[in-house]
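Okay, so here's the structure we're looking at.
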Amino acid sequence: MPASPAAETAALLAWYDRHRRALPWRATGRAGPDPYAVWLSEVMLQQTTVAAVKGFYARFLALWPDVAALAAAPREAVLKEWAGLGYYARARNLHDCAQAVVERHGGRFPSTEAALRALPGIGDYTAAAVAAIAFGEVATVVDGNVERVMTRLRAVETPVPAARPEIKRLTAALVPPGRPGDFAQATMDLGATICTPRSPACALCPLAGSCAAHAAGTELRYPRKLPKKATPRRFGAMAVVERQDGAVLVRTRPAKGLLGGMTEFFGSDWGAASPDAAAMAQASDAALRAVGTVEHVFTHFALTLDVYRGRSHGGLAPEGCRWVTREALAREPIPNVFTKVWEAASAVVPVVPVVPDGLRLVGLE
DNA sequence: CACGCGTGGGG
DNA sequence: TCCCCAAGCGT
């Protein structure tokens with residue numbers, strides 16, 4: 001028997017009051033949530049797990065305790081602190097957004113969904129979440145959790161993303177004017193801990209009594225999704241090249257696109273095949289030793305990198321590259337895929353044998 | 001609307 | 001091992 005929407009909302013809020021997760025960005029005291037903290041956490045949580053976010057969130061808040069501090073930070077420092085969290089456009093948008101809040105709004109976050117939506121890196125979800133959680137606006141928050149909860153609750157047959165408007169309507173009908181932020185977090189907590197994708201714990205769910213999918217035993221059927229495409233594989237090569245004094249050859253990737261603005265070691269383009277060792281040695285003007293391969297899976301392709309370690313012949317940086325000391329390397333924004341390369345190269349004997357002039361020692365074991 | 005865009009954990 | 005996925009956004 002379907003309960004009334006009001007009864008469903010009440011049951012969900014009562015469950016949340018007992019079982020809400022204690023998360024660092026959730027206000028505990030009487031003072032309302034800090035909009036800056038809510039915004040920072042929401043951006044970090046975009047397509048990212050709570051467990052992965054916690055450490056980054058703490059470090060950001062310690063380094064930059066308010067939006068003005070973040071806005072004043074150097075862009076490279078923000079990218080460096082974001083390194084490892086992924087989706088690096090978020091870091092650029094985060095920094096742009098902080099500066100926009102300072103310049104356009106006097107350093108205070110706007111309090112309405114519409115005004116938030118106009119800021120960089122804030123889309124439909126984040127605008128509604130910040131408005132509801134930080135400012136109490138009656139906004140409808142729809143994320144992946146809400147989609148799963150609502151499509152199961154109402155047995156929505158339309159596949160996502162086409163079902164988005166319907167899901168938004170169904171959700172809006174449940175939002176309580178008095179506690180919009182708690183309702184949003186309650187639905188997300190339910191999706192994260194009870195109404196999970198693979199094995200939902202319906203016996204513990206406060207909405208089980210009115211859930212259409214549960215009544216039919218078809219929870220796992222929702223949300224319906226369109227078939228996904230296979231992920232192709234690309235190949236490339238990357239070399240950790242040292243100068244006589246130990247400095248390492250790096251370069252900064254283009255500002256936008258994959259790993260935009262992040263630091264990488266000397267490497268080839270990525271395509272159907274990787275270049276051979278001789279080509280890498282010539283391009284880097286270094287004696288190279290092959291040290292193995294690194295595998296990494298991005299969202300839309302898998303990558304196999306042949307990894308080399310070597311010693312520069314002349315100490316001249318190829319076009320677009322620069323030398324950094326090991327100490328300075330620690331301050332570079334290096335994404336995890338290239339940290340894997342560094343670790344693979346560091347695991348082998350660093351000394352490259354002396355070779356006669358004109359010879360290139362390549363691809364040796 | 002479809003695609004580009006990271007990473008790590010769990011079943 | 002492999003596949004799925006997690007509090008999406010910009011173009």
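Here is how names work: the chains are called A, B, and so on, in the same order as the sequence lines, proteins then strands, and each is numbered from 1.
- Nucleic acid contact class of A:R148 (heavy atoms, under 4.0 Å, all strands): sugar-phosphate only.
- Among the atoms of the strands shown, none is found under 4.0 Å from any heavy atom of A:W39.
- The listed nucleotides are C:dG8, C:dG10, B:dG6; the one nearest the side chain of A:Y125 is C:dG8.
- The side-chain tip of A:R179 does not point at the ring of A:F183 from less than 6.0 angstrom away and within 45° of straight on.
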Margin query: For A:L259 and A:Y88: C-alpha separation, side-chain torsions, deciding distance, then whether side-chain contact (heavy atoms from CB on, under 4.5 Å) applies.
Written below: CA-CA 6 Å; A:L259 307 171; A:Y88 298 99; 3.5 Å; yes
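- Note on A:I122: only backbone sugar-phosphate atoms sit closer than 4.0 angstrom, heavy atoms only; bases stay farther off.
- In this structure, the NZ atom of A:K228 is 7 Å from the C1' atom of C:dC4, given to the nearest Å.
- Using a 4.0 Å heavy-atom cutoff across all strands shown, A:T126 reaches sugar-phosphate atoms only and no base atom.
- Between A:F60 and A:W82, the ring center distance clears the sub-6.0 Å criterion.
- Of the side-chain N and O atoms in A:H300, one or more sit less than 4.0 angstrom from OP1 or OP2 of B:dC5.
- Nearest-nucleotide positions on DNA chain C place A:P197 closer to the 5' end than the other of A:P197 and A:L119.
- Remark: B:dG9 base-pairs with C:dC4. Criterion, Watson-Crick or G-U wobble with two distances under 3.5 Å.
- Distance alone, capped at 3.5 Å, is enough to place a donor-acceptor pair between the A:S268 side chain and the A:A237 backbone.
- Atom CZ of A:R164 is separated from atom C1' of B:dA2 by 12 Å (rounded to the nearest Å).
- Atom CD of A:E113 and atom P of C:dG8 are 16 Å apart (whole Å).
- In this structure, A:V297 reaches the bases: a heavy-atom distance under 4.0 Å links it to at least one base atom across the strands shown.
- C:dT11 and B:dG6 have their P atoms separated by 14 Å, with the value rounded to a whole Å.
- Rounded to an integer number of Å, the gap from CG of A:L258 to P of C:dC9 is 20 Å.
- Within 4.0 Å (heavy atoms only), A:R26 reaches at least one base atom of the nucleic acid.
- At C:dG8, none of the side-chain N or O atoms of A:Q46 fall inside 4.0 Å of OP1 or OP2 (strictly under the cut-off).
- If you measure from atom CD of A:E295 to atom C1' of C:dT1, you get 13 Å, rounded to the nearest angstrom.
- Not one side-chain nitrogen or oxygen of A:Y87 sits closer than 4.0 Å to the OP1 or OP2 atom of C:dG10.
- The interatomic distance linking A:F301 (CZ) with B:dC3 (P) rounds to 16 Å, in whole Å.
- In terms of polar N and O atoms assigned as donor or acceptor, the side chain of A:T49 never comes within less than 3.5 Å of the base of B:dG8 in a complementary pairing.
- Nearer the 5' end of DNA chain C, as judged by each residue's closest nucleotide, is the contact made by A:V50, out of A:G121 and A:V50.
- Side-chain atoms of A:K229 lie closest to B:dA2 of the nucleotides B:dG6, B:dA2, C:dC4.
- As judged by a 4.0 angstrom heavy-atom cut-off over every strand, A:G191 is placed among residues making no nucleic acid contact.
- A:M44 places its CE atom 16 Å from the C1' atom of B:dG8, with the value rounded to the nearest Å.
- Contacts of A:L23 with the nucleic acid, taken as non-hydrogen atoms under 4.0 Å apart, include base atoms.
- In this structure, the CD atom of A:Q47 is 6 Å from the C1' atom of C:dA6, given to the nearest Å.
- Taking A:E264 as the reference, A:R251, A:R253 meet the salt bridge (charged side-chain N to carboxylate O under 4.0 Å, His left out) condition, with sequence neighbours excluded.
- Dashed line: the shortest gap from a side-chain N or O of A:H296 to OP1 or OP2 of B:dG6 is not under 4.0 Å.
- Nearest-nucleotide assignment on DNA chain B puts the 5′-proximal partner with A:P161, out of A:P161 and A:K340.
- Residues passing the ring-ring contact (aromatic ring centres under 6.0 Å, His included) test with A:H296, sequence neighbours excluded: A:F298.
- Judged by distance alone, the side chains of A:T151 and A:R224 never bring a donor and an acceptor atom under 3.5 Å apart.
- Put simply, the side chain of A:T48 and the base of B:dG6 share a donor and an acceptor less than 3.5 Å apart.
- With P as the reference atom, C:dA6 and B:dC5 are 22 Å apart, rounded to whole Å.
- In this structure, A:L226 and A:G84 both approach DNA chain B, and ranking their closest nucleotides by distance from the 5' end singles out A:L226.
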